[in-house]
Amino acid sequence: MKQSGMTLILSVLLLWSGPKPAEGQITAPTAKEPVDYVNPLIGTDSKFSLSNGNTYPAMALPWGMNFWTPQTAPMGDGWQYAYDADKIRGFKQTHQPSPWMNDYGNFSLMPVTGELKINEEERASWFSHKAETANPHYYSVYLAEYDVTTELTVTERAARFRFTFPENDQSYVIIDAFDQGSYVKVIPEENKIIGYSTRNSGGVPENFRNYFVVEFDKPFSSYNVWEKDELKENQTELTGEHAGVAVRFNTKKGEVVNARVASSFISHEQANLNLKEIGSDNFETVKAKGREIWNRELGRMIPEGGTLAETEIFYSALYRTLLFPRKFYEYDSEGNIVHYSPYNGKVLPGYMFTDNGFWDTFRAVFPFFNLMYPSLNEKIQAGLVNAYKESGFLPEWASPGHRSVMIGNNSATLVADAYLKGLRGYDMETLYEAVLHGTKNVHAEVEATGRLGHEYYNELGYVPYDVGINENAARTLEYAFADWTIWKLAKELNRPKKEIKLFEERSQNYRKLFDSETNLMRGKNEDGSFQTPFNPLKWGDAFTEGNSWHYTWSVFHDTQGLINLMGGEKTFITMLDSVFAMPPDFDDTYYGFPIHEIREMQIVNMGQYAHGNQPIQHMIYLYNYAGQPWKAQYWLREVMDRLYTPDPDGYCGDEDNGQTSAWYVFSSMGFYPVTPGSDQYVLGTPLFPKMTVQLENGNKIILSAPKSSSRNRYIDEMHINGQLWDKNYVRYSDLMEGAFIEFRMADEPNKSRGTSKEAYPYSYTKP
């Protein structure tokens, strides 16, 4: 008998031969499958001034080359779908990683009836969320203006549309290739339109194009090409600033018109090859296959016993974690992997991934891949090799090529953590060369790539405050952590001792910015004096999208060293406590107005804790390094309970390529990768009474916390594979072998567990 995806997964898990929980701890399987819990609309109630996620509903397969989304905003608006909108302008192929980066290679389809309306404002149709269905692999909405139901479902590089029309001899589908230069051509004998979009927001070579093909299953009654909302008579082809096509059908009531769509960054011929991802599959088959793929990936993690809201938040967060980076490669006619290079404009062999800001994702997304998807990350590492060969640098923010935004040299951390976790099968020699290159160079045109201020950092040990380089203290702290990961990698690769020692010494450069008067990190001038005046509540300036209270904790690799600088554990704990005890005051003079990250900190009533932005997201876990792990358990549960919801305002700031989602996924398991590059995850508090995690190598992690609840958030006792475990961390190596982890939870903290120095997580400086 054919089993449902969830039932099948649970059946397989129960066959595991390792340690099993007691019979009474097993929660009965639910009738729903993992994909049914995902709400792609979480985070879409956002705007420029306040982010509740800054997401859009992405209909896509995991890491797919193309996403699709309903478009409620004007062409070029980064907030392309807003939950409070009431009109849809089209259904858009999008490659947007965030509204701040905006989109590239985008085009859309839009059905209309009656009088032909081409202008996106005029053609927009009223819609309601009550007549909208959004799943990761499928979207449907009723367009009230035209009495048309539009449905779409996806593969990695193609999509199927299904338009259900009323009776009308003026039923149209508009293909909008967008502005900034586009091309369309009608091939009526094949019911086909081809075209390309060159629209982008930067980071592309001059020859950039996204070539698309649209095939219908019904002949056109008529058609027109158009430019800038003006119809062109007796033409089948048009190149212009803003090109498009309107094709007309005579339809009966309830008649369905199907369209197959695919695109390529290489050529129209390659777009036709990509259309073969659909082949002869009808809409329902493509939809079923997409559902199966999402259930397979999401179903590798099965939480049980939580509330419906917690389960929906978890799977929606996992969905977001699996969207980026985007596959930017294709398969040629012989099945070879090829890619259009967003760095040099050539078509070359091999992998390429894009649409990622490593400043965000080095923290939890890539550590999650190393745990759950090592084979995927091996391909990503191979893609990084190609990026370096094609541009001379590893990317720091790619969309699709190098973009000049954010700070740091976090590509080094990605490379080091992957290799140190045992990933292989790619050109590590070239990658290490690329890592070294990035420590002493900066891209000539994109200052976010490489290390801006490397001359000062490599000589003085910090980037000075007074030499015209913004966010200098944040750069110094992130460079120092990157240097620690390079030190670890250099040792693993048996590099020369002098080189190893250099990066070990540089990993301690964070010390140069520590101000003992305030116990905070502070910008330092070239002459060695601290910046004055100094307001630790000032956002930006020496720091990146945060203040000194947020960035002081960015010593991921040497928490004990930071504790010692502060004068010991008592002061360190007081400083951690102060983050929550202080009012959410701020100084916004660097920006001239309260940026959205400031507002998001201000309104959640957690003091200076700014979970809506990445720099402080690991900070709560640091209580484990100073003998008070129960405070981490308290505050982590507060964040999970209060700052995440299953609603359109479900995040407390930018979701950012899966990072804020990956934080929730990791934290739900009860641990988090504070120090990528180490073998440890630092303990928090498990959210669900039970979770089963299927690893790629066939082993499983079973996390059992039967009494876990918002009240019972404290770890009273813990066992791993039946053995008492008193550490404040778990090891990657142990997890990869498969593990049964039991948590005995309580409503009062156990203030004797995890308090010995031997229980503390890794730190370069020993406790």
Side-chain angles (χ1 to χ4, degrees), residues 65-66 68 71 74-77 80 89-96 102-112 116-123 157-159 161 172-216 220 222-248 259-275 330 340-342 344-347 400-401:
M65 190 176 87
N66 303 320
W68 288 87
Q71 178 193 348
M75 177 175 54
D77 189 329
Q80 54 191 351
R89 300 161 182 259
F91 301 90
K92 175 184 172 187
Q93 187 189 98
T94 178
H95 307 96
Q96 179 172 295
N102 216 297
D103 212 342
Y104 62 90
N106 33 336
F107 64 95
S108 71
L109 280 69
M110 179 66 180
V112 301
L116 178 59
K117 301 172 184 176
I118 296 169
N119 177 277
E120 66 168 356
E121 197 81 42
E122 296 174 357
R123 76 187 184 221
R157 298 167 186 83
F161 279 79
Y172 297 91
V173 176
I174 296 170
I175 295 94
D176 189 339
F178 284 26
D179 61 1
Q180 296 187 359
S182 47
Y183 164 81
V184 291
K185 180 180 180 180
V186 185
I187 309 174
E189 63 274 16
E190 298 180 34
N191 307 331
K192 180 188 289 188
I193 287 81
I194 64 172
Y196 61 72
S197 167
T198 65
R199 191 173 224 291
N200 67 85
S201 308
V204 299
E206 289 186 5
N207 67 346
F208 168 79
R209 292 175 176 177
N210 184 27
Y211 300 88
F212 61 80
V213 55
V214 183
E215 280 187 0
F216 292 92
F220 311 145
S222 65
Y223 52 85
N224 288 98
V225 298
W226 51 269
E227 182 180 11
K228 295 183 179 179
D229 308 332
E230 180 182 342
L231 293 175
K232 303 292 184 181
E233 300 294 334
N234 304 315
Q235 287 184 230
T236 60
E237 191 172 9
L238 189 147
T239 304
E241 164 64 14
H242 183 181
V245 175
V247 296
R248 183 171 67 88
R260 302 191 312 151
V261 187
S263 67
S264 166
F265 295 105
I266 295 173
S267 66
H268 280 125
E269 292 75 18
Q270 183 64 46
N272 278 303
L273 285 176
N274 293 344
L275 199 58
E330 307 174 48
Y340 166 81
S341 173
N344 64 21
K346 299 178 181 179
V347 178

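When reading the values below, keep in mind they use all heavy atoms of this one structure, side chains included, and skip hydrogens, waters and symmetry mates.
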Q: Decide yes or no on side-chain contact (heavy atoms from CB on, under 4.5 Å) for F220 and I193, but give the supporting numbers first.
A: CA-CA 11 Å; F220 311 145; I193 287 81; 3.5 Å; yes
**Q.** Stepwise side-chain contact (heavy atoms from CB on, under 4.5 Å) test for F161 and F216
**A.** CA-CA 9 Å; F161 279 79; F216 292 92; over 6 Å; no
Q.
What verdict does the ring-ring contact (aromatic ring centres under 6.0 Å, His included) test give for W226 and Y172, after you've listed the backbone C-alpha separation in whole Å, the side-chain angles of each residue and the deciding distance to 0.1 Å?
A. CA-CA 14 Å; W226 51 269; Y172 297 91; over 10 Å; no
Q. Going through the distances and angles, do S222 and R248 end up as a side-chain hydrogen bond (donor to acceptor under 3.5 Å, both in side chains)?
A. CA-CA 5 Å; S222 65; R248 183 171 67 88; 2.8 Å; yes
(Q) Applying side-chain contact (heavy atoms from CB on, under 4.5 Å) to N274 and N272, what does each step give before you reach the verdict? (A) CA-CA 5 Å; N274 293 344; N272 278 303; over 6 Å; no
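Checked against side-chain contact (heavy atoms from CB on, under 4.5 Å), A271 has the following partners two or more places apart in sequence or in another chain: V213, S264. For R260, the salt bridge (Lys or Arg N to Asp or Glu O under 4.0 Å) partners at least two apart in sequence or on another chain are E215. Under the ring pair (Phe, Tyr, Trp, His ring centres under 6.0 Å) criterion, F91 pairs with no residue, sequence neighbours left out. Contacts of K232 classified as salt bridge (Lys or Arg N to Asp or Glu O under 4.0 Å), with partners at least two apart in sequence or in another chain: E230. With sequence neighbours left out, the salt bridge (Lys or Arg N to Asp or Glu O under 4.0 Å) criterion links E269 to no other residue. Evaluation of the ring pair (Phe, Tyr, Trp, His ring centres under 6.0 Å) rule for Y183 yields Y196 as partners, not counting sequence neighbours. Partners of R89 under the salt bridge (Lys or Arg N to Asp or Glu O under 4.0 Å) rule, at least two apart in sequence or in another chain, are E120, E121. By the side-chain hydrogen bond (donor to acceptor under 3.5 Å, both in side chains) test, N344 pairs with S341, sequence neighbours left out. The side-chain hydrogen bond (donor to acceptor under 3.5 Å, both in side chains) check on N234 picks up nothing, with sequence neighbours excluded. Residues satisfying the side-chain contact (heavy atoms from CB on, under 4.5 Å) test with L273, not counting sequence neighbours, are Q270, K276, S333.
Atom-to-atom distance recorded for I118:CD1 and N224:CG is 7.0 Å, nearest 0.5 angstrom. Here the CD atom belonging to E237 is positioned 7.0 Å from the CD1 atom belonging to I194, to the nearest 0.5 angstrom. Interatomic distance, K346 NZ to I266 CD1, rounded to the nearest 0.5 Å: 15.0 Å. Residue N106 holds its CG atom at 6.5 Å from OG1 of T94, rounded to the nearest 0.5 Å. The OH atom of Y211 lies 7.0 Å from the OG atom of S267; values are rounded to the nearest 0.5 Å. Atom CD of Q80 and atom CD of Q96 lie 4.0 Å apart (nearest 0.5 Å).
The heavy-atom pair separating K117 from V112 by the smallest distance is O-CG1, 4.5 Å. Contact between H95 and F265 at its shortest, heavy atoms only, is NE2-CZ, 3.6 Å. Residues N207 and G345 come closest through the heavy atom pair ND2-O, 2.9 Å. Listed here is the closest heavy atom pair of G105 and S197: C-OG, 3.8 Å.
N66 places a side-chain N or O within 3.5 Å of a backbone atom of R157 that can act as its donor or acceptor partner.
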Please report, to 0.1 Å, the donor-acceptor pairs under 3.5 Å made by any side chain of residues 173-182, with sequence neighbours excluded.
residue: D176; atom: OD1; partner: F178; partner atom: N; Å: 2.9
residue: D176; atom: OD1; partner: H242; partner atom: NE2; Å: 2.8
residue: D176; atom: OD2; partner: R123; partner atom: NH1; Å: 3.3
residue: D176; atom: OD2; partner: R123; partner atom: NH2; Å: 3.1
residue: D179; atom: OD1; partner: R199; partner atom: NE; Å: 2.5
residue: D179; atom: OD1; partner: R199; partner atom: NH2; Å: 3.1
residue: Q180; atom: OE1; partner: N200; partner atom: N; Å: 3.1
residue: S182; atom: OG; partner: F178; partner atom: O; Å: 2.7
residue: S182; atom: OG; partner: A243; partner atom: N; Å: 2.8

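Defined by atom type and a distance below 3.5 Å, a donor-acceptor pair is present between the side-chain atoms of N210 and Q93.
Inter-residue side-chain proximity for P342 and V204 is flagged as unmet; no heavy-atom pair is nearer than 4.5 Å.
For residues 103-112, the salt bridge (Lys or Arg N to Asp or Glu O under 4.0 Å) pairs, not counting sequence neighbours, are K92-D103.
Note: Y340 and F208 have tilted aromatic rings, judged against thresholds of 30 and 60 degrees for the angle between ring planes.
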